[in-house]
Amino acid sequence: MTAALVFIGVAAAAAIAAMFRRRRPAQRAVAIDPFVLSEPWRRSVSAAQAAQRRYKEIVAATPAGPLRSNMESITRQVQRGVEECWFIAKRGDELDAALNRLDSVSLRTRLEQSSDDATRASLQAQLDSAERIRSTRDSTDQRLRLLNTRLGELLAQAAEVSVGADTTGDLDSAVDDVVTQLESLRLALDEVNNPRPGGAGQASPSP
């Protein structure tokens with residue numbers, strides 16, 4: 001009897017929690033403006049937005065019914081993917097700005113011309129920092145390009161789904177996987193810029 005009452009209580013709590021989740025207001029869309037970024041980050045965000053627009057057009061052209069409803073349910077994940085791309089691109093743009101401020105060419109010239117040990121040590125430390133930032137920047141750019149390409153391919157496949165068998169479950173899982181990888185890349189960048197105490201500091205995000 002006691003076990004039955006506990007089960008009923010847990011089920012009721014879960015039902016109430018689900019009700020509140022459904023009533024929770026939708027999150028406000030993130031304002032995205034690729035034109036405030038430098039290249040190649042601007043291009044990455046623009047490509048993600050273009051893929052999203054194509055997907056919306058495909059969904060809009062799909063006849064009303066279960067298939068269209070299933071495709072519409074993926075729209076939020078697509079939006080998340082574009083937002084993650086935007087966040088990553090902004091961090092990449094910040095890395096480029098940091099590299100420009102460090103000016104490795106000037107630092108290297110000063111290092112070659114300096115004879116003071118303390119000055120040389122300081123200049124070498126700045127060059128090492130610039131190299132770590134550049135490594136992070138390059139690996140981020142490469143990874144973002146690959147994930148963007150994958151997302152674009154998946155959304156292009158939606159055209160086939162809209163006129164064929166309902167494989168939106170597979171499409172949903174594949175899009176979710178790409179979005180998860182984008183989120184992981186962003187979190188890795190956050191960790192690079194805000195290392196935990198005792199962490200390694202600047203490092204390249206895992207591929």
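Any value given below was found using the heavy atoms of this structure, including those in side chains, with hydrogens, waters and symmetry copies removed. In this text, all values refer to a predicted model and were calculated from it rather than measured experimentally.
- The two atoms that bring Thr140 and Leu185 nearest to each other are O-CD2, 4.3 Å, heavy atoms only.
- The shortest side-chain heavy-atom distance between Phe87 and Glu183 does not fall under the 4.5 Å cut-off.
- Connection of Leu95 to Leu146 is not established within any shared hydrophobic cluster, with ILVMFWY side chains joined at heavy-atom distances below 4.5 Å, either directly or through further cluster members.
- A search for side chain to side chain contact (heavy atoms under 4.5 Å, CB included) contacts involving Ala50 returns Arg53, Arg54, not counting sequence neighbours.
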Which donor-acceptor pairs under 3.5 Å do side chains of residues 152-160 form with protein atoms, sequence neighbours excluded?
none

- Task: For side-chain contact (heavy atoms from CB on, under 4.5 Å), just list the numbers for Ile88 and Val45, CA-CA rounded to whole Å, side-chain angles, deciding distance to a tenth of an Å, and then say yes or no.
- Result: CA-CA 9 Å; Ile88 294 166; Val45 176; over 6 Å; no
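- Remark: the backbone N or O of Glu72 is paired with a side-chain donor or acceptor of Thr75 at under 3.5 angstrom.
- Two residues are said to be in side-chain contact when any heavy atoms from C-beta on lie closer than 4.5 Å; Leu182 and Leu144 meet this criterion.
- Contact record, Asp116 with Ser114: N-OG, 3.4 Å, taken as the closest heavy-atom pair.
- Between Arg91 and Glu94 there is a salt bridge, with a side-chain nitrogen of the basic residue lying less than 4.0 Å from a carboxylate oxygen of the acidic one.
- Residues Arg150 and Ala174 share a closest heavy-atom pair of NH2-CB, 4.5 Å.
- Checked by atom type and distance alone, the side chain of Thr62 pairs as donor or acceptor with a backbone atom of Ile58 at under 3.5 Å.
- Under a 3.5 Å cut-off, the side chain of Arg137 and the backbone N or O of Asp96 do not form any donor-acceptor pair.
- For Thr149 (side chain) and Arg145 (main-chain N/O), a donor-acceptor pair under 3.5 Å exists by modelled atom type.
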- Task: Start with the C-alpha distance between Lys90 and Trp41, add both sets of side-chain angles, then the distance that settles side-chain contact (heavy atoms from CB on, under 4.5 Å), and finish with yes or no.
- Result: CA-CA 7 Å; Lys90 285 202 300 180; Trp41 313 108; over 6 Å; no
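- Val36 and Ile32 fall within the same hydrophobic cluster, where Ile, Leu, Val, Met, Phe, Trp and Tyr residues are linked whenever their side-chain heavy atoms come under 4.5 Å apart, directly or through other members.
- Considering all non-hydrogen atoms of both residues, Pro34 and Gln49 come closest at CG-OE1, 3.4 Å.
- Atom CD of Gln181 is separated from atom CG of Asp176 by 10.5 Å, given to the nearest 0.5 angstrom.
- Among all heavy-atom pairs drawn from Ser162 and Leu67, the shortest one is O-CD2, 3.6 Å.
- No donor-acceptor distance shorter than 3.5 angstrom exists from the side chain of Ser135 to the backbone of Glu131, with no hydrogens or angles considered.
- A donor-acceptor pair under 3.5 Å is formed between the side chain of Ser46 and the backbone N or O of Arg42.
- When only modelled atom types and interatomic distance are considered, Gln77 and Arg80 share a side-chain donor-acceptor pair under 3.5 Å.
- Atom CD of Gln52 is separated from atom NZ of Lys56 by 4.5 Å, given to the nearest 0.5 angstrom.
- Under a 3.5 Å cut-off, the side chain of Arg186 and the backbone N or O of Glu84 do not form any donor-acceptor pair.
- Pairs passing the side chain to side chain donor-acceptor pair (under 3.5 Å) check and including a residue from residues 30-39, sequence neighbours excluded, read Ser38-Asp93, Glu39-Arg43.
- Interatomic distance, Asp141 CG to Ser44 OG, rounded to the nearest 0.5 Å: 6.0 Å.
- In this structure, the side chain of Ser173 engages the main chain of Gly169 through a donor-acceptor pair within 3.5 Å.
- Between Asp138 and Arg134 there is no salt bridge, since none of the side-chain N atoms of the basic residue sits less than 4.0 Å from a carboxylate O of the acidic one.
- Interatomic distance, Ser122 OG to Leu127 CG, rounded to the nearest 0.5 Å: 10.0 Å.
- To the nearest 0.5 Å, atoms CG (Asp117) and CD (Gln124) are separated by 12.5 Å.
- Here Leu102 contributes atom CG and Ile133 contributes atom CD1; the two are 5.0 Å apart, rounded to the nearest 0.5 Å.
- Using a 4.5 Å cut-off between side-chain heavy atoms of Ile, Leu, Val, Met, Phe, Trp and Tyr, with links allowed through other members, Val82 and Leu187 fall into different hydrophobic clusters.
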